[in-house]
Peer 1: 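Below is a structure I'd like to ask you about.
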Amino acid sequence: MRRQRTLQHMMPSTPGSTARRHDLDWLRILATYLLFPYHVAKTFDDVPIYHVKNAELSPGLDFFTAFIHQWHMPLFFVLAGWSVYASLTRRGAASFLKERVRRVLVPFVAGALLLCPFLKYAELCSGLSITATGAAPLVGRYDETFLQFLPTFYTRVDRFTWSHLWFLLYLFTFTLLYTPLFARLIRRPGRWLAGASVARLYLPLLPLVVIQTTLRFRWPGVQNLYDDWANLTYYSLFFILGFVLARWPAWEEIIDREWKRAGVIGLAAVTAMLAGWHARGGIVWPVEPTWPSVASALPLQVLSALAGYCLVIAILGVARRSLSFTSPARDYLAESSLPVYVLHQLAIVLLGYFIVQLHVGIAAKFTLLLATAVPITMLVYHCLVRPIPLARALLGMVASA
C-alpha cells in the first residue's frame, strides 16, 4: 500500500481545483492583520528603516520583527501565486491581466499617490529620510508645512515613497513576468513539476540559499524594484511555488505528510539564526560588507532561507488541517484584507508620530499605538471604503451587489 501511494505521488496529477479555499482565505486574513503588531513594533525596533521611530529603541523587538520577516512576506507571495491558478484558469490570460490591473495596480497607484504623501511627511518631520538606497537622519530641522512639501512628493525622487505598497508593485511585476509561463503550465502536464515527493519538496531550498548567501549581500532589502535583485528573485520563487501547489494538488498531500518535520526544521533554524545575530550584538547589516563580515554572516543567511521556506510549508499544512471552514466573520475579513493592507500603515505612522512623543515607556506606547491603529483603520474601512463604490474601486475591491 505504501509503495502504491508513492507511485501515485510520482505520476502527473490531475489539474488543481479552482474552488475557493477557506484555509487560504484565513491565512491571507491572518497575514494581513499581523501587519498591525509587526509595523507597530517597527516603530520601536533597532532597524532604522521605518517612517517614524521612537527615541528609545528596543533591540528585543528586532528579534520579534525578524522572526515574522522570515516567513511573512514569503507566505503572502505563495498565497498570491496560488490565487493566480484559479483566476487564470477561469478567465484566460487577457482577462486575467485586466483583472490584475484592477485588483493590484490600481490600489498601488491610488495608495502611492493619495496616502503615501502623509507617510513621507511624517517621516521627514521625524528627522528621517528613507530613499531608494536606504535610510539616513536629516541634517538639521525639517520645517516645511505639508502644503509646501506636497508638490515635492510628486516631483522629487528623494521625497517619493511607495512604502509598504511595494508588495503590490512586485506582485504586479511578477504577474506580467510569469503569466505566459503559468498559462503554458495550465495547458501542458508539466511532468517534472507534477512528480510530487518529499525530496523534491525541499529542492527550492537550494536556490533560496544561493540567493541569501550571494545576492542578499549586494541587495540587502530596499524594495526599489529597479535595483533589488535579491528580493525580486527570492520572492519570485515563493510566487511560483504558490502556483505549482495550486496547479498540482499532489504537492499538498506531500505537505500534509511533511508539515510537522518542516515546522521543527523551520523553528530550529530561526532560533539558531536569531541566536547567531544576538551573539553578534544585534541585527545590524554591515553598510559596506567585507569578506570577514560576509563569511561570518553566511551561516545566518543559510538559516534564514531554511527558516523562511520550512515555516511557510508548516503554516500551509496547519492551515489545511485547521482552517478549512467558513463563517460570516471570514467573509467580512476576507473582503477587507486588501483595503486594510493599503490603509493600515497610515494609521500606524500618523498616530505613531504623536505617540512616540509621549513621556511613557516603550510597552505603554506599543500598547497604545496598537490599540488605536486597529480600530481607526477598521472604522475607516467600514464607513468610508466598504459602502462607497469609488473607494472600493480605488482599493481593488469588487463592486458591491
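Only a predicted model underlies this, so the values are computations on that prediction, with no experimental measurement involved.
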Peer 1: Without swapping roles, check the side chain of Arg386 against the backbone of Tyr381 for a donor-acceptor pair under 3.5 Å.
Peer 2: no
Peer 1: Quick one: does any side-chain atom of Glu252 pair with a main-chain N or O of Pro249 as donor and acceptor, under 3.5 Å?
Peer 2: no
Peer 1: Do side-chain atoms of His72 reach the backbone of Ala31 as a donor and acceptor pair under 3.5 angstrom?
Peer 2: yes
Peer 1: Quick check on side-chain contact (heavy atoms from CB on, under 4.5 Å): which of Asn54, Thr43, Leu370 does Lys365 satisfy it with?
Peer 2: Asn54
Peer 1: Main chain of Tyr341, side chain of His164: is a donor-acceptor contact present, judged purely on distance under 3.5 Å?
Peer 2: yes
Peer 1: Run the numbers on Phe108 and Phe172 for ring pair (Phe, Tyr, Trp, His ring centres under 6.0 Å), then give the verdict.
Peer 2: CA-CA 9 Å; Phe108 166 75; Phe172 188 72; 8.9 Å; no
Peer 1: Run Phe44 and Phe64 through ring pair (Phe, Tyr, Trp, His ring centres under 6.0 Å) and show every step you take.
Peer 2: CA-CA 11 Å; Phe44 305 99; Phe64 170 73; over 10 Å; no
Peer 1: With no hydrogens and no angle check, is any side-chain donor or acceptor of Arg159 less than 3.5 Å from a backbone partner on Tyr154?
Peer 2: no
Peer 1: With Asp25, which residues qualify under salt bridge (charged side-chain N to carboxylate O under 4.0 Å, His left out), at least two apart?
Peer 2: Arg20, Arg28, Arg330
Peer 1: Could you go through Asp158 and Arg156, starting from their C-alpha distance and side-chain angles, then the distance that decides it, and tell me whether this counts as salt bridge (Lys or Arg N to Asp or Glu O under 4.0 Å)?
Peer 2: CA-CA 5 Å; Asp158 64 322; Arg156 287 176 50 177; 2.8 Å; yes
Peer 1: Ring pair (Phe, Tyr, Trp, His ring centres under 6.0 Å) for Phe174 and Tyr235? Distances and angles first, verdict last.
Peer 2: CA-CA 9 Å; Phe174 293 166; Tyr235 292 129; 7.7 Å; no
Peer 1: Kindly state whether the ring of Phe238 and the ring of Tyr234 have centres lying under 6.0 angstrom apart.
Peer 2: yes
